[in-house]
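Structure record follows, encoded as structure tokens.
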Amino acid sequence: MQIPNQGPVVVGVGDPATDAAAVRLAAREACSRGRVLQVVHAFTGPGDAGWGQARRAASHLVEEAVSIAKRSTPGVDARPQLVDGPPGRVLLRTSRGAVLVVIGGPLVEVVARAWCPVAVTRAQRTPSGPVVAAVDGSPYATLALRFAMEAAGRRGGAVYAVHVTEPEREAEGERVLDEVLARVADATAVRRRILLGHPGATLARVSRTAGLLVLGPRGEHVSGRLGTVAGELLRRAAGPAVFVHGARRPAAFGKPGDDVPVLLPLTHT
């Protein structure tokens, strides 16, 4: 299954504390890609006499999110969608036909198992720094760099490929960068950096000044759910972070014995 390239950008809403940042990011992404923005709320209202009131409140929440999208990004085609079911299940199902899912909270199930890239943001600021792809030796590194290059192209800004390693292992880190850049066409404009330190903490610091941080959901030797670094960034990233998927199937649905997902080319949008 190819990564969808004709679907909408989807933003999940349900928490007023984080909805505005996620909606603004999703609106910018949808408009820059020329895609529809689907504003989705997963409704799990009471099954008693309060159902009608809860449904009306949920509808109002979605409509308010649509208004935020249109105010922040004039011209965006934002459409409300109220879907029955738990948030994780609803967004996973929606991700099958989306080019990007944006959420404002750490829904681990969605970040780990989605069928398309997932952006997570809690930052209220407008991202203005460079796009940074965090790369390692995993197959996801190639997709992360491709996604970052496309995002930087739409934003008209710089793109960095960074690899975090331990002191005295810089030469090994340079080889990792060489291999990843060699696998991506038109990567001559990518700026490369070796950073020293603990990967999670170091990338969390990078996220404070990056306009967008892009990485894979798991590392070279991890299968199944989120890797350690991705999990730490999901909790600690100060700015928007995109977890890029490139599997033929979500990770949890892999065949027994699969070490890594089958990666497919990232199509231009």
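Leu143 is not listed as a side-chain neighbour of Leu145, based on a closest heavy-atom distance of 4.5 Å or more. No side-chain heavy atom of Gln81 sits less than 4.5 Å from a side-chain heavy atom of His41. For the pair Val120 and Val118, the minimum side-chain heavy-atom distance is below 4.5 Å. Between Leu203 and Val164, the closest side-chain pair of non-hydrogen atoms falls below 4.5 Å. For the pair Gln38/Thr94, a side-chain contact is recorded, criterion being any heavy-atom separation below 4.5 Å from C-beta on. Two residues are said to be in side-chain contact when any heavy atoms from C-beta on lie closer than 4.5 Å; Phe147 and Leu215 fail this criterion. Contact of the Arg89 side chain with the Glu109 side chain is not registered, since no non-hydrogen atoms from C-beta on lie closer than 4.5 Å. Side-chain contact between Leu213 and Val242: absent, with no pair of heavy atoms (C-beta onward) separated by less than 4.5 Å.
A search for side-chain contact (heavy atoms from CB on, under 4.5 Å) contacts involving Ala187 returns Met149, Leu181, Val184, Val190, not counting sequence neighbours. Legend: residues meeting side-chain hydrogen bond (donor to acceptor under 3.5 Å, both in side chains) with Asp15, ordered by chain and number and at least two apart, are absent. For the salt bridge (charged side-chain N to carboxylate O under 4.0 Å, His left out) test, residues two or more places apart in sequence or in another chain that qualify with Arg79 are Asp77.
Side-chain N or O atoms of His163 include none that pairs as donor or acceptor with a backbone N or O of Gly137 at under 3.5 Å. Listed for the Ser207 side chain is a donor-acceptor partner under 3.5 Å among the backbone atoms of Ala238. For the pair Glu170 (side chain) and Glu168 (backbone), a donor-acceptor distance under 3.5 Å is present. Between the Arg192 side chain and the Glu174 main chain, a donor and an acceptor come within less than 3.5 Å of each other. Ser72 contributes a side-chain N or O that, together with a main-chain N or O of Ala69, makes up a donor-acceptor pair within less than 3.5 Å. Put simply, the side chain of Arg235 gets close to the backbone of Gly231: a donor and an acceptor are under 3.5 Å apart. With hydrogens and angles disregarded, a donor-acceptor distance shorter than 3.5 Å links the side chain of Ser32 to the backbone of Glu29. Between the side chain of Ser95 and the backbone N or O of Trp115, at least one donor-acceptor pair lies under 3.5 Å. Under the 3.5 Å distance criterion, the side-chain polar atoms of Asp19 are left unmatched by any main-chain donor or acceptor of Val13.
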- Message: Pair Glu63, His60 - check side chain to side chain contact (heavy atoms under 4.5 Å, CB included), show working.
- Response: CA-CA 5 Å; Glu63 293 292 350; His60 175 74; 5.6 Å; no
- Message: Let's go through Arg33 and Val99 carefully: what are the C-alpha distance in whole Å and the side-chain angles of both, what is the deciding distance for side chain to side chain contact (heavy atoms under 4.5 Å, CB included) to 0.1 Å, and is it a yes or a no?
- Response: CA-CA 10 Å; Arg33 295 164 181 261; Val99 295; 4.1 Å; yes
- Task: Show your working on side chain to side chain contact (heavy atoms under 4.5 Å, CB included) between Val83 and Phe43 and close with a plain yes or no.
- Result: CA-CA 6 Å; Val83 183; Phe43 180 70; over 6 Å; no
- Going through the checks in order, is the salt bridge (Lys or Arg N to Asp or Glu O under 4.0 Å) test met by Asp84 and Arg55? CA-CA 10 Å; Asp84 293 315; Arg55 190 82 176 185; 2.6 Å; yes
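For the pair Glu64 and Arg71, the salt-bridge criterion is met [side-chain N within less than 4.0 Å of a carboxylate O].
A pairwise comparison of heavy atoms in Val244 and Pro217 identifies O-CD, 3.3 Å as the closest pair.
Hydrophobic clustering of Ile, Leu, Val, Met, Phe, Trp and Tyr side chains at less than 4.5 Å, counting indirect connections, keeps Val36 apart from Val23.
Of the N and O atoms on the side chains of Arg183 and Thr142, at least one donor lies less than 3.5 Å from an acceptor on the other residue.
Rounding to the nearest 0.5 Å places OG of Ser59 at 5.0 Å from CG of Leu82.
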